[in-house]
Amino acid sequence: MNTPLTSNHAPVLDTLAEVLKQRRSASSEDSYVASLHHKGLNKILEKVGEEATETLLAAKDAEHGSPEQRQALVSETADLWFHTLVMLSHLELDHQDVLNELARRFGISGHDEKAARTP
Ligand SMILES: N=c1c2ncn([C@@H]3O[C@H](COP(=O)(O)OP(=O)(O)OP(=O)(O)O)[C@@H](O)[C@H]3O)c2ncn1[C@@H]1O[C@H](COP(=O)(O)O)[C@@H](O)[C@H]1O
């Protein structure tokens, strides 16, 4: 199926992105996101790396695991998404840029795309 995905399907992400943007000028004492923005890109990237590792460990546990382990994977994935959204916001990008890129790729087989790359 080759469905164009140009409309907005992510109201939660829209609202969160607006909060993350506002936090760029908020006080670190009042806001975890503001504290990350103030600590800078390296700290944000450290958190993304930590959350990525925690997500893959949770995925291994979830593969043959209990409902609780599957829910733990959902929770870790949410942490990872959240911190990547903070990263994008810090660099004045957002989820919509990523969704637009995924929509652009929609229907293009990964095998075909790879074969069309110039060496
Ligand atoms: N979705 C989230 C969200 N997900 C995870 N987290 C926080 O991410 C942090 C990371 O957890 P960890 O245990 O890995 O980190 P830690 O050990 O506490 O931190 P470090 O000392 O290692 O840096 C925790 O403090 C979580 O509470 C989040 N913090 C905020 N949000 C959203 O962002 C909004 C703004 O948050 P504030 O800026 O804090 O108001 C909130 O209303 C939420 O919608």
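Bear in mind the structure is a predicted one, so any value in this text is a computation, not a measurement. Computation of the quantities below employed the complete heavy-atom set of this structure, encompassing side-chain atoms and omitting hydrogens, waters and symmetry-equivalent molecules. Numbering of ligands and ligand atoms starts at 1, following listing order.
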Enquirer: Is Lys114 close to His111 at the side-chain level, that is, under 4.5 Å between some pair of heavy atoms?
Expert: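 Answer no - side chains too far apart.
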Enquirer: Looking at atom 35 (C) of ligand 1, is any protein heavy atom nearer than 4.0 Å to it?
Expert: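 Answer yes: something from the protein, a heavy atom, is under 4.0 Å.
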Enquirer: Could you tell me whether ligand 1 has any atom less than 4.0 Å away from a heavy atom of His83?
Expert: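 Checking ligand 1 against His83, which is what was asked, there is a heavy-atom contact under 4.0 Å.
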Enquirer: Hey, what's the ring geometry for Tyr32 with His83, parallel, tilted or perpendicular (30° and 60° as the breaks)?
Expert: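 It falls in the perpendicular class, over 60°.
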Enquirer: Any donor and acceptor pair, going by atom type alone, linking the side chain of Ser89 with main-chain N or O of Leu85 inside 3.5 Å?
Expert: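 No, Ser89 side chain to Leu85 backbone: no donor-acceptor pair under 3.5 Å.
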Enquirer: What are the two closest non-hydrogen atoms of Arg24 and His38, and how far apart are they?
Expert: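 Between these two residues, the closest heavy atoms are O-CE1, 4.4 Å.
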Enquirer: So, Asn100 and Gln96: side-chain donor and acceptor under 3.5 Å apart, yes or no?
Expert: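 Indeed, the side chains of Asn100 and Gln96 share at least one donor-acceptor pair under 3.5 Å.
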Enquirer: Is there at least one pair of N or O atoms, one from Asp30 and one from ligand 1, spaced under 3.5 Å apart?
Expert: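 No; the residue has no nitrogen or oxygen that sits under 3.5 Å from a nitrogen or oxygen of the ligand.
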Enquirer: Just to confirm, does any protein heavy atom lie below 4.0 Å from atom 15 (O) of ligand 1?
Expert: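 Given the 4.0 Å cut-off, atom 15 (O) of ligand 1 counts as touching protein heavy atoms.
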Enquirer: In terms of residue, atom name and distance, what is the protein heavy atom nearest to atom 44 (O) of ligand 1?
Expert: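 The closest one turns out to be Leu16 CD1, 3.8 Å.
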Enquirer: Could you identify the single nearest non-hydrogen protein atom to atom 38 (O) of ligand 1 and state the distance to 0.1 Å?
Expert: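 For this ligand atom, the closest protein heavy atom is Ser31 OG, 2.4 Å.
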Enquirer: Would atom 6 (N) of ligand 1 count as contacted, meaning some protein heavy atom under 4.0 Å?
Expert: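 Yes; the ligand atom in question has protein heavy-atom contact below 4.0 Å.
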Enquirer: Strictly less than 4.0 Å: does any protein heavy-atom distance to atom 12 (P) of ligand 1 fall in that range?
Expert: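 There is a protein heavy atom less than 4.0 Å from atom 12 (P) of ligand 1.
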Enquirer: Would you say Val33 and ligand 1 have an N/O pair spaced under 3.5 Å apart?
Expert: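 The answer is yes, given that Val33 and ligand 1 share an N or O pair closer than 3.5 Å.
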Enquirer: Going through the distances and angles, do Trp81 and Leu16 end up as a side-chain contact (heavy atoms from CB on, under 4.5 Å)?
Expert: CA-CA 11 Å; Trp81 284 21; Leu16 183 55; over 6 Å; no
Enquirer: Which pair of non-hydrogen atoms, one from Val86 and one from Ile44, has the smallest distance, and what is that distance?
Expert: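 The pair with the smallest heavy-atom distance is CG1-CD1, 4.1 Å.
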Enquirer: Could you check whether any side-chain N or O of Ser31 sits under 3.5 Å from a backbone N or O of Ser28, counting only pairs where one atom can act as donor and the other as acceptor?
Expert: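 It does not hold such a pair.
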Enquirer: Do other residues, nucleotides or ligands put more than 12 heavy atoms under 6.0 Å from the CD atom of Glu29?
Expert: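 No - once you tally the heavy atoms of other residues, nucleotides and ligands closer than 6.0 Å, there are 12 at most.
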Enquirer: Among protein heavy atoms, which lies nearest atom 31 (N) of ligand 1, and at what distance?
Expert: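 It is Phe82 CE1, 3.2 Å.
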Enquirer: Among all protein heavy atoms, pick the one closest to atom 39 (O) of ligand 1 and tell me residue, atom and distance.
Expert: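 Scanning the protein heavy atoms, the shortest distance from atom 39 (O) of ligand 1 goes to Tyr32 N, 2.9 Å.
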Enquirer: Does the protein put a heavy atom under 4.0 Å from atom 42 (O) of ligand 1?
Expert: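 So far as the 4.0 Å threshold goes, atom 42 (O) of ligand 1 is out of reach of every protein heavy atom.
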Enquirer: Is any heavy atom of the protein nearer than 4.0 Å to atom 27 (O) of ligand 1?
Expert: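 Not a single protein heavy atom is under 4.0 Å away.
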Enquirer: Can you tell me which residue and heavy atom of the protein come closest to atom 40 (O) of ligand 1, and the distance to 0.1 Å?
Expert: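 Heavy-atom neighbour on the protein nearest atom 40 (O) of ligand 1: Arg23 NH2, 2.9 Å.
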Enquirer: May I ask whether Lys43 has any heavy atom positioned less than 4.0 angstrom from an atom of ligand 1?
Expert: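 Checking ligand 1 against Lys43, which is what was asked, there is a heavy-atom contact under 4.0 Å.
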Enquirer: With a 4.5 Å limit on heavy-atom distance, are the side chains of Thr55 and Asp79 in contact?
Expert: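 Heavy-atom side-chain distance check fails, nothing below 4.5 Å.
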Enquirer: Is it the case that ligand 1 has an N or O less than 3.5 angstrom from some N or O of Lys47?
Expert: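 In this structure, Lys47 places an N or O atom under 3.5 Å from an N or O of ligand 1.
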